[in-house]
Amino acid sequence: MVVETAELQSELEAKGELMLAVSEFDEPLEMHLHDTEIEEGVITIELTDGVLTFDVDEVVAFWHHTHSLADFGLED
């Protein structure tokens, strides 16, 4: 999957948050509209204890992250 900067930015703006699979990390990353900047092919995510920066070219997949009542033990 080739991820385009404009597509990623558009999806983030529409959904407010996305999960990313990035080639250099073992675990998916969660990015939010309020803490993520995408400029000139570079993604910057501000974390509570630092800043994570990587190229859009390193993103191999993205998806909208959702939760259910069951995720929180609140199902009927």
Side-chain angles (χ1 to χ4, degrees):
M1 172 182 206
V2 175
V3 175
E4 299 292 331
T5 301
E7 177 186 20
L8 193 59
Q9 182 70 44
S10 176
E11 286 293 312
L12 180 59
E13 289 175 6
K15 306 263 193 290
E17 68 178 26
L18 294 173
M19 295 298 291
L20 301 174
V22 180
S23 61
E24 61 186 278
F25 303 111
D26 293 333
E27 297 294 322
L29 302 175
E30 189 169 349
M31 68 179 194
H32 301 95
L33 189 56
H34 66 85
D35 63 12
T36 302
E37 189 173 295
I38 305 171
E39 289 186 342
E40 299 178 23
V42 175
I43 298 171
T44 302
I45 302 175
E46 291 185 34
L47 306 169
T48 57
D49 58 354
V51 175
L52 186 60
T53 302
F54 52 92
D55 291 337
V56 170
D57 292 343
E58 297 297 319
V59 176
V60 294
F62 67 89
W63 61 96
H64 183 222
H65 180 67
T66 61
H67 296 283
S68 69
L69 292 173
D71 292 340
F72 299 109
L74 302 171
E75 71 275 31
D76 291 331

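Computed over heavy atoms, backbone and side chain alike; hydrogens, waters and symmetry mates excluded.
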Find out if a path of hydrophobic residues (ILVMFWY) with successive side-chain heavy-atom gaps under 4.5 Å connects L47 to V22. yes
Shortest non-hydrogen pair, V60 vs S23, comes out as CG1-CB, 4.2 Å
Can you check whether H32's main-chain N or O pairs, donor with acceptor, with T36's side chain at less than 3.5 Å? yes
Nearest non-hydrogen partners of I43 and I38, listed with the distance: CG1-CG1, 4.1 Å
Does atom CD of E27 have more than 12 heavy-atom neighbours from other groups under 6.0 Å away? no
Is there a path from V42 to L20 through hydrophobic residues (I, L, V, M, F, W, Y) whose side chains come within less than 4.5 Å of each other? no
Measure across F54 and L29 and return the closest heavy-atom pair with its distance rounded to 0.1 Å. CE2-CD1, 3.7 Å
With a 4.5 Å cut-off on side-chain heavy atoms, are L18 and L8 touching? yes
Can you find a pair of side-chain heavy atoms, one from F25 and one from E58, that are under 4.5 Å apart? no
Does E46 CD have over 12 foreign heavy atoms under 6.0 Å away? no
Applying the side chain to side chain contact (heavy atoms under 4.5 Å, CB included) test to E13, which of E11, K15, Q9 qualifies? Q9
At their closest point, which heavy atom of V3 faces which heavy atom of E7, and how far apart are they? CA-OE1, 4.5 Å
Look at the rings of H67 and F72 and say which category their plane angle falls in: under 30° parallel, 30 to 60° tilted, over 60° perpendicular. tilted
Ignoring hydrogens, what is the shortest heavy-atom contact between E17 and H64? Give both atom names and the distance. O-CD2, 3.4 Å
Looking only at heavy atoms, the pair that brings W63 and A21 closest together is CZ3-N, 3.9 Å
So with a 6.0 Å cut-off around CD of E75, is the heavy-atom count from everything else above 12? yes
